Amino acid sequence: MKLKPERKLLLSLKGDFMTLLSIQNMTKRFGGLVALNALNINVKEKSIHSIIGPNGAGKTTFFNCLTGFYRPEEGEVLLSGNSIVGLSPDRIVHKGIARTYQNIRLFPNLTALENVMVGYHVHLKSSFIGPILGLKSTKMEEAKAKQIAMDLLKYVKMEGKENTLAKNFPYGEQRRLEMARALASQPKLLLLDEPTAGMNPRETQDMMDFIEHMRGEIGITIVLIEHQMRVVMNISDIVTVFDYGKMIAEGLPEEIKNNKTVIEAYLGSGDAADSH
Amino acid sequence: MTKAQSLWNHGVKIGAIGGVSVLVICLIGMVESFGKRFIIAGYLPMGVTIALIISMFAAFIAAKKTPIPEKSIQFANAVMSGFVTSGLLAIFVIIGRSIKLRVVFVEASPVLYNILTGGISGAGGIFILLFAGLLCGAFSGLLIVLTDLPRKLIINAIATVFALGLLQELILPILNSWDLGVTNYLAGLFYTLNGLTPIGAILAVIIFCILYLLWHANQNTIKTKYSNLPKATQKKTKYFGLLILAIILIFLPQFLGLFLSEVLTIVGLYVLLGLGLNIVVGYAGLLDLGYVAFFAIGSYVVALLTSPQIFDIGLNFWQALPIAVICGILAGVMLGIPVLKMRGDYLAIATLGFGEIIRILVLSDFLKPWLGGAQGIGSIPNPNFMGFLMVKPQHIYYLILAGCILVVFISLRLKNSRLGRAWMAMREDEDVAQAMGINLVATKLLAFATGAGFSALSGAIFASKIGSVYPHSFNVFISINVVCIVIIGGIGSLPGIVVGAAALMGLPELLREFADYRMFVYGVALVIMMLLRPEGLLPEVRHKIELHDETETGTQTAAQP
Amino acid sequence: MFQKWKDRVTVTDIVMWMIGGTLLLMCLWGSVSTIRAGLYTKSHWIDFVIFGLAQGSIYSLIATGYTMVYGVLKMINFAHGEVFMSGPFTGYFVATAMWRSDFLDNHPIIAIIAIFAVAMLISTMIAYLVEKIAYRPLRGAPRLIPLITAIGASFFLQYLFRGLYGSGINAYPDVKVLEGFWMILGIRVLKIQAIVIVAAILMMIVLYGFIMSTKVGKAIRAVSEDKEAAALMGIDVDAMISTTFVIGGMAAGAAGVLYALMYKQVHFFMGFIPGLKAFTAAVLGGIGNIPGAMLGGVFLGLIESVAPALFLDGLGIIAPYQLKDAIAFTMLVMILIFRPTGILGERLATKKA
């Protein structure tokens with residue numbers, strides 16, 4: 001597989017890029033089950049960082065811990081050097097993390113425009129009095145929010161569909177709308193949970209281009225969970241492999257592809273393979 | 001499926017369901033107590049009409065559900081269904097005449113049997129009953145066999161006559177109040193003191209048919225003409241419509257007599273309550289069954305501050321009103337904080353419990369020195385508007401109208417704001433809303449507080465209108481009524497709430513016999529609504545936008561290649 | 001450090017703890033001053049406890065219905081209180097008919113069994129029909145919709161029975177054998193209360209045994225764990241849901257007769273408050289948990305009977321018994337806040353992202 005030239009810029013784990021997200025010793029337990037076991041991960045600024053692993057390896061749990069939906073029992077999460085562990089999900093959005101969901105979770109009975117505008121919520125200030133009195137500041141703020149939302153819809157190639165209810169879009173457009181909604185909060189870090197799940201090769205290619213484009217154009221850092229190896233190997237700068245809540249490998253896509261531990265995790269141990 | 005199977009599955013089974021339904025409304029006494037009120041004077045009592053409509057409806061469904069596309073089979077199923085319905089009733093009458101069912105079923109009286117058999121005793125009456133059932137079935141079968149236009153025409157014409165008969169108490173006083181030659185003539189032509197005249201009914205059908213056919217023929221041209229008008233003119237038409245609405249609303253009490261104005265104020269208070277609950281249930285998706293608590297708080301605050309009883313503070317209504325609303329808002333926050341973390345059904349029960357706690361506390365001897373206990377608080381003065389004492393319901397109406405306009409304005413403004421979007425996002429998916437940076441605690445509290453404030457406003461007006469407050473005015477049924485208004489009218493839809501309040505609160509006031517069956521009918525309506533049309537009678541406008549958009553994009557894509 | 005703390009503890013947490021703390025302090029203060037003042041003698045307390053046990057065991061029986069339905073459908077069957085009402089309200093007519101013909105006093109056991117049979121049959125039928133007509137078509141709808149349907153069904157049933165049987169309060173006939181009292185271990189116990197407690201315990205044992213050890217019981221438990229997996233194992237999920245309603249209806253009907261025998265009256269609205277209380281009991285024990293519901297019912301009955309005297313009298317509140325319902329509902333709200341999983345809630349409500 002050939003490397004794209006711009007990737008080389010971001011190739012190195014040791015490179016000069018700042019660490020945006022630093023996870024130290026993060027552990028999450030459900031009763032007796034250790035879902036995440038002492039994870040140490042650093043995500044570099046402007047990188048595309050993939051998390052892979054077999055089913056049940058704890059990838060989505062990892063996202064839920066980052067976004068404050070779960071509270072890890074131990075460990076520290078630093079975003080640009082500030083601790084965010086234990087904050088409520090809405091506070092974490094304010095700090096600059098946004099996410100999408102594995103099984104798309106839009107607001108089905110809101111229009112596309114409203115969905116994206118909800119995403120912009122954290123940057124708006126008006127509350128109760130402003131809209132009732134029709135204050136000028138509120139009106140300007142709303143107009144700006146609408147403009148930004150329209151721009152984002154255009155960016156995800158959904159212009160002209162802003163008044164359609166989210167539940168009426170086809171699958172691919174729902175994915176893109178969810179992406180636009182996440183981008184609307186103008187995050188530093190975007191967490192994508194299987195963005196290509198359920199897509200055909202062509203749609204997958206589009207999504208890959210879109211993700212790369214997003215990193216290039218907006219300069220956002222992306223962490224993604226992915227199952228399709230083609231996607232992972234093509235667009236990631238760094239790949240982290242989970243198995244049973246533990247990090248078993250980390251490195252460049254090429255390194256991961258040939259890593260023995262990773263192959264074992266996916267295909268079972270060598271002994272078992274031999275006996276067949 | 002063979003023809004015999006279909007006859008059994010659709011004709012007999014659905015007919016039996018219809019029969020049981022009619023039997024139930026007979027046994028709870030609806031047919032009998034509506035027997036004294038006539039749709040068409042001398043011919044058609046309302047109770048019988050309801051029974052006929054149910055059996056026709058069952059037959060209609062039986063025919064419609066028939067999977068065999070042969071008209072004759074559908075017709076046979078309809079007739080069968082009607083026959084089974086009346087057959088069940090016939091069995092009931094025969095049993096009822098030989099055994100004294102009244103020991104158990106209080107409404108199973110000889111009067112009921114006479115109504116069912118057309119007043120004829122013995123086998124002749126049973127025969128009439130069965131024949132009526134067959135006729136109902138045949139009529140529905142005919143409707144199915146007909147093409148679309150005549151079917152719609154007949155159904156709507158029947159509905160019109162039924163509505164005209166039902167709304168006699170509303171229409172007749174208005175006609176009479178004008179006391180002009182024309183209106184008196186119309187009143188005499190259409191109505192007797194109890195029901196439509198036969199000529200009136202026929203006239204109504206004819207007029208309706210003509211209007212309907214005219215509309216049907218020109219519907220498309222009018223619509224295209226309207227959409228071809230320039231945007232500015234369309235806007236003007238809209239404003240003109242609003243202006244007419246405003247004029248009607250302002251002069252409404254002048255047309256209506258004392259009684260109808262009283263009904264109007266009751267409807268208005270419920271509109272106010274409904275609009276408040278709509279924010280909590282419709283926008284924020286939090287089912288609050290303790291909504292009456294804030295209504296009670298608003299009433300009691302006004303009572304305590306203005307009545308000479310108990311504390312004798314002696315504020316006037318206008319001074320007490322804002323305090324009442326603020327107390328309501330505070331109570332909303334107080335209730336909001338503990339129940340914030342609950343979802344869905346837990347929240348419903350917890351708020352129901354909260355409503356009961358408030359009622360029990362107010363009723364208790366423990367708080368009697370401060371709240372008056374079961375005797376309540378009386379002699380609350382009427383509001384005084386710039387030297388004008390608002391005594392009559394017509395005066396209070398304006399107070400309520402002003403309240404409604406304020407609340408509608410606030411609701412609309414909030415709906416399209418950051419807060420409104422946050423509420424709706426929360427309604428759709430709480431977790432995701434939080435992951436979008438919405439502070440659930442603050443957002444829920446604001447919803448509770450806003451709703452509670454509106455409810456307290458309604459309560460404050462209620463207290464000064466009635467002149468006294470008792471704990472018994474604030475039972476759980478008020479909450480349930482408001483929930484029904486919001487849900488049956490259409491969750492989140494403001495016109496839906498007005499229609500819902502008018503139908504659910506206005507009708508029972510007009511038809512006093514209905515009062516006993518009110519909760520029964522609401523219960524049925526809630527269940528049927530949720531099963532068949534969960535979005536309500538007049539759903540939120542966004543559904544229309546959605547359809548509109550779909551057709552637009554559809555034409556675009558069709559035009560592209 | 002302060003910043004860190006401020007981000008993580010919300011105002012609502014503090015307010016909630018303050019409310020909880022205040023209530024706890026009030027209860028403690030009230031208890032201490034009640035006991036100090038010696039307002040009640042030992043035999044008073046024993047009476048309270050026995051009455052509470054009897055009342056509580058009725059709640060327990062109703063609560064099992066709530067909890068089982070919650071287990072399989074994850075919804076609150078709001079109409080369960082009306083299922084409870086329908087049985088004894090119908091049974092009333094059987095009871096009065098037998099009382100008139102002196103059958104009730106001559107063959108009390110057969111007569112009472114007949115009342116139970118009729119009441120349980122009607123309650124069961126109503127529970128089954130409610131599920132079939134109102135809830136079954138709504139599987140998979142948003143949660144608010146079945147809840148509203150349940151509220152509608154509840155009022156429909158109340159006013160259906162009001163229309164059918166009349167709106168008055170009907171007095172259950174006296175059963176001579178159930179009057180008077182027994183001395184048990186030197187304690188004077190009203191016969192009816194003892195019978196209610198024993199009968200309820202027996203029924204709960206049968207019910208628990210049925211759920212834990214029969215094939216159908218296991219299937220129901222499987223459905224409440226995971227509907228799809230249960231369906232894949234060849235369990236007819238719809239039939240099991242119906243069975244759950246049937247069992248809940250039977251328990252509610254039996255509870256209703258016990259209630260009617262104890263309070264000697266039935267009317268169309270009698271299901272509303274006990275229904276709410278039983279729901280409270282189910283939450284108290286951890287909703288979805290059958291032994292929890294039983295325990296919660298008894299606990300709630302005890303609190304309701306003892307608390308007004310113990311907590312409120314000492315605080316100088318007049319006529320504290322008027323506030324017993326308020327105590328029960330306050331407890332409901334407090335439990336939902338501080339321990340939504342209930343006393344025996346071993347199943348933590350795990351949220352899924």
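Keep in mind that this is a model prediction, so the values were computed, not measured. A note on names: the letters A, B, ... follow the listed sequences, proteins ahead of strands, and every chain is numbered from 1.
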#### Entry: For B:N416 against A:E142, the heavy-atom pair lying closest together
O-OE1, 3.6 Å
### Nearest non-hydrogen partners of B:A425 and A:V118, listed with the distance
CB-CG1, 3.9 Å
### Query
Given side chains that start at C-beta, do those of A:F107 and B:M436 come closer than 4.5 Å, heavy atoms only?
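Heavy-atom side-chain distance check passes, below 4.5 Å.
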### Query
So, do B:R421 and A:H121 sit near enough that their side-chain heavy atoms are less than 4.5 Å apart?
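Heavy-atom side-chain distance check fails, nothing below 4.5 Å.
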### Message
I need the B:Q434 CD to A:D90 CG distance, nearest 0.5 Å.
### Response
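So the CD of B:Q434 and the CG of A:D90 are separated by 5.0 Å.
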#### Entry: Euclidean distance, A:R91 CZ relative to B:N439 CG, rounded to 0.5 Å
8.0 Å
### Query
In terms of side-chain geometry, is the basic nitrogen of A:K167 or B:E428 positioned less than 4.0 Å from the acidic oxygen of its partner?
no
### Query
Who in residues 131-141 of chain A is close to chain B, using a strict under-4.5 Å heavy-atom cut-off?
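Against chain B, the residues of residues 131-141 of chain A that fall inside the cut-off (heavy atoms, under 4.5 Å) are A:P131, A:I132, A:L133, A:G134.
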### Message
Taking 4.5 Å as the heavy-atom cut-off, does anything in residues 174-200 of chain A contact chain B, and if so which residues?
### Response
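Only A:R181 of residues 174-200 of chain A have a heavy atom under 4.5 Å from chain B.
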### Message
As an exercise: rank B:L419, B:I438, B:L414 by heavy-atom pairs under 4.5 Å with chain A and give me the winner.
### Response
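Heavy-atom pair counts peak at B:I438.
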### Query
What residue, out of B:D429, B:L412, B:L446, has the most heavy-atom pairs lying under 4.5 Å from chain A?
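That would be B:D429.
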### Message
Tell me which of these, A:G68, A:A145, A:S127, A:P108, has more heavy-atom pairs under 4.5 Å with chain B than the rest.
### Response
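Highest number of pairs under 4.5 Å: A:P108.
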### Message
Listing request: all side chain to side chain donor-acceptor pair (under 3.5 Å) pairs with a residue in residues 143-152 of chain A, at least two apart in sequence or in separate chains.
### Response
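Found A:Q147-A:D151.
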### Query
Can you name the ring pair (Phe, Tyr, Trp, His ring centres under 6.0 Å) partners of A:H213, sequence neighbours left out?
A:Y155
### Which portion of A:S126 sits near chain B, non-hydrogen atoms under 4.5 angstrom
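Both backbone and side chain of A:S126 come within 4.5 Å of chain B.
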